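First up is the structure itself, then whatever we jot down about it.
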Amino acid sequence: MAQPIERKLKPKADGQPSSSFERKMMWLTTISFFVILMAIGAGTILREDRVSSQLENRTLAQSVKPTVQGVISGDDMVKMESYFTDQLVLRGTFVEMQARLSKNVLRQPFRNGIYTAEDGYLIEPSQAAQPIVPDAFRQFTQEVNRPVYFALAPSKTVVAERDGIIPNYVASNAEQRYQTMQAGFKQAGITSIPLDALQLSDYFKTDHHWNVDGAYQAYGEIIRTVAKTEPTLKKVEVDPESKRASEHPYFGSLARKTTLAYASTGDKIEYYDADQFKGIDVCYDKKCGQPLIDEQFIKEEGDYADRYEVFMRGNHGILSMTSQTKGPKLLVLKDSFANPVLPFLAKSANLEVVDVRYVNKDFDASEFAKQKNVDAVVFLHNANINGLMKTYQQKL
């Protein structure tokens, strides 16, 4: 009986496509990949360079003209890498897409260390070593020979810890560090201005700053405490009907870290009409008549526009605020938390304001206080001041 003929198939080499269709798909995928890369690269090169990023709130790297020395040392190659990374076409879109994937598909409540609470508040838990208040604060208090006060605002993280909003499995000791810092300033001979009554509603949901209501509450506490040694310091009420609100939603510093995927609802940034602060002359950068409230920042287009700069146009190294008030002259040493407070405080006192982050390296705060002949000194900061301790060690 005849045996059936067995056909021996030629073994297929590893990785070899089994059909012409597979080969076509392989080539199509490869070509598509390179076309997309070339399109992104060409778009990045041909598109006009962006100067800054609202999302990241920083200046972006600009194009570099390579030099022989720069190429050999590698410096120009590093700059070119930064340039293409910053100017990558659709960069913001890719970041937003990745964030939406993390939240909606992977169900991650954290992004870049920011926790999204159920009520929409973005909280940044913080676990760090206990702060040490440098001896420069004690020396400053003795040298100025004036009453010195410290208004240390609890950070939003401190309030969230106190209210049990941060999950138990998340390590955060912000409240403990806040109390340690307050005790350190007290030991330095500085009188504390109590701000512990602040609630989470006194802060923006998507930003680390307090809102205008929190700032006005802080103003009241500053007046109440400092008036004990400066009786001419009086609280001046503002007309509640003069409160304004931005038409555009405000997505602040924490929203920029998490993107709109996590900051589902923007804040409504409120401020008081500039007419409430008539008669106050603001001087900085060798120019007077500067605005306390600048609505151009409220009207600025863009999801991540920094509308907080409506207050005082942001931060300045040294500025003065004078009026016909019969109140004392105060030296205010501050960070950005003070910006919405300053217009209120300037209705009650003449102010010399210093942000040590933006002054010359040889600035001496105690000599400045003597030169300006101030009646008292007020430090106005939020609890995340630990990074400024070294600067104050040099400037006080």
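Numbers for residues simply follow the sequence, beginning at 1. These figures come from a predicted structure and were not determined experimentally.
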- Do the two ring centres, one from Tyr219 and one from Tyr216, sit under 6.0 Å apart?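 Centroid separation for Tyr219 and Tyr216: below 6.0 Å.
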- Message: For Phe137 together with Phe185, are the ring centres under 6.0 Å from each other?
- Response: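 Aromatic pair counts; centres sit under 6.0 Å.
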Between atom [atom1] of [X] and atom [atom2] of [Y], what is the distance when rounded to the nearest 0.5 Å?
X	Y	atom1	atom2	result
Glu230	Lys329	CD	NZ	13.0 Å
Ser253	Tyr304	OG	OH	12.0 Å
Ser246	Ile269	OG	CD1	6.0 Å
Thr180	Asn173	OG1	CG	8.5 Å
Cys283	Ile318	SG	CD1	13.0 Å
Asn384	Thr157	CG	OG1	6.5 Å

Indicate, with yes or no, if [Y] and [X] share a hydrophobic cluster defined by side-chain heavy-atom contacts under 4.5 Å among Ile, Leu, Val, Met, Phe, Trp and Tyr.
X	Y	value
Leu152	Val356	yes
Val170	Tyr121	yes
Phe277	Leu345	yes
Val212	Leu195	yes
Trp210	Phe379	no

- Residue pair Val378, Val226: steps toward the side-chain contact (heavy atoms from CB on, under 4.5 Å) verdict: CA-CA 9 Å; Val378 177; Val226 179; 4.1 Å; yes
In the structure I gave you, are the side-chain heavy atoms of [X] and [Y] within less than 4.5 Å of one another anywhere?
X	Y	value
Val354	Phe363	yes
Lys372	Leu331	no
Arg138	Gln142	yes
Asn315	Asn339	yes
Leu292	Ile280	yes
Phe140	Asp364	no
Leu198	Tyr203	yes
Lys257	Glu124	yes

Could you verify whether a donor N or O on one side chain and an acceptor N or O on the other, from [X] and [Y], lie under 3.5 Å apart?
X	Y	value
Asn145	Lys370	no
Thr206	Asp267	yes
Glu352	Ser320	no
Asp135	Gln139	yes
Asn211	Asp202	no

Any donor and acceptor pair, going by atom type alone, linking the side chain of [X] with main-chain N or O of [Y] inside 3.5 Å?
X	Y	answer
Asp281	Gly289	yes
Arg177	Ser126	yes
Glu300	Asp306	no
Lys395	Asn360	yes
Thr258	Leu254	yes
Lys156	Lys205	yes
Asp294	Gln296	yes
Arg244	Asp273	no

- Query: Does a side-chain N-to-carboxylate-O contact under 4.0 Å join Asp355 and Arg357?
  - Reply: yes
- Query: If you measure from the Lys or Arg side-chain nitrogens to the Asp or Glu carboxylate oxygens, is any gap between Glu175 and Arg162 under 4.0 Å?
  - Reply: no
- Query: How are the rings of Phe337 and His209 set relative to one another: parallel (under 30°), tilted (30 to 60°) or perpendicular (over 60°)?
  - Reply: tilted
- Give me the ring orientation class for Phe311 and Tyr308: parallel if the planes are under 30° apart, tilted from 30 to 60°, perpendicular past 60°. perpendicular
- Message: What verdict does the side-chain contact (heavy atoms from CB on, under 4.5 Å) test give for Glu270 and Asp213, after you've listed the backbone C-alpha separation in whole Å, the side-chain angles of each residue and the deciding distance to 0.1 Å?
- Response: CA-CA 9 Å; Glu270 297 179 317; Asp213 293 331; 4.2 Å; yes
- Query: Yes or no on side chain to side chain donor-acceptor pair (under 3.5 Å) for Arg146 and Thr141, after CA distance, side-chain angles and deciding distance?
  - Reply: CA-CA 7 Å; Arg146 294 289 189 275; Thr141 303; over 6 Å; no
Looking at every heavy atom in both [X] and [Y], which two are closest together, and how far apart are they?
X	Y	answer
Asp207	Gly252	OD1-CA, 3.3 Å
Gln393	Pro134	OE1-CB, 2.6 Å
Met321	Val353	SD-CG2, 4.3 Å
Leu122	Ala255	CD1-N, 3.8 Å
Ala383	Tyr178	CB-CD1, 3.6 Å
Glu161	Ile166	CG-CD1, 3.7 Å

- Here the ring-ring contact (aromatic ring centres under 6.0 Å, His included) pairs for residues 229-255, sequence neighbours left out, are Phe204-Tyr250
- Message: Apply side-chain contact (heavy atoms from CB on, under 4.5 Å) to residues Val341 and Leu380 and explain how you reach the verdict.
- Response: CA-CA 9 Å; Val341 182; Leu380 180 49; 4.0 Å; yes
- Message: Counting only heavy atoms from other residues, nucleotides and ligands, does the tally under 6.0 Å from CD of Glu237 exceed 12?
- Response: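 Buried by this count: over 12 neighbours within 6.0 Å.
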- Message: Would you say that more than 12 heavy atoms from the other residues, nucleotides or ligands in this model lie under 6.0 Å from the CD of Gln127, or not?
- Response: yes
- Message: Evaluate Lys235 against Phe344 for side-chain contact (heavy atoms from CB on, under 4.5 Å), listing each step before the verdict.
- Response: CA-CA 9 Å; Lys235 184 177 180 181; Phe344 302 130; over 6 Å; no
For residues 385-392, please give each side-chain donor-acceptor pair under 3.5 Å, one per line with the distance, not counting sequence neighbours.
from: Tyr392; atom 1: OH; to: His381; atom 2: NE2; distance (Å): 2.7

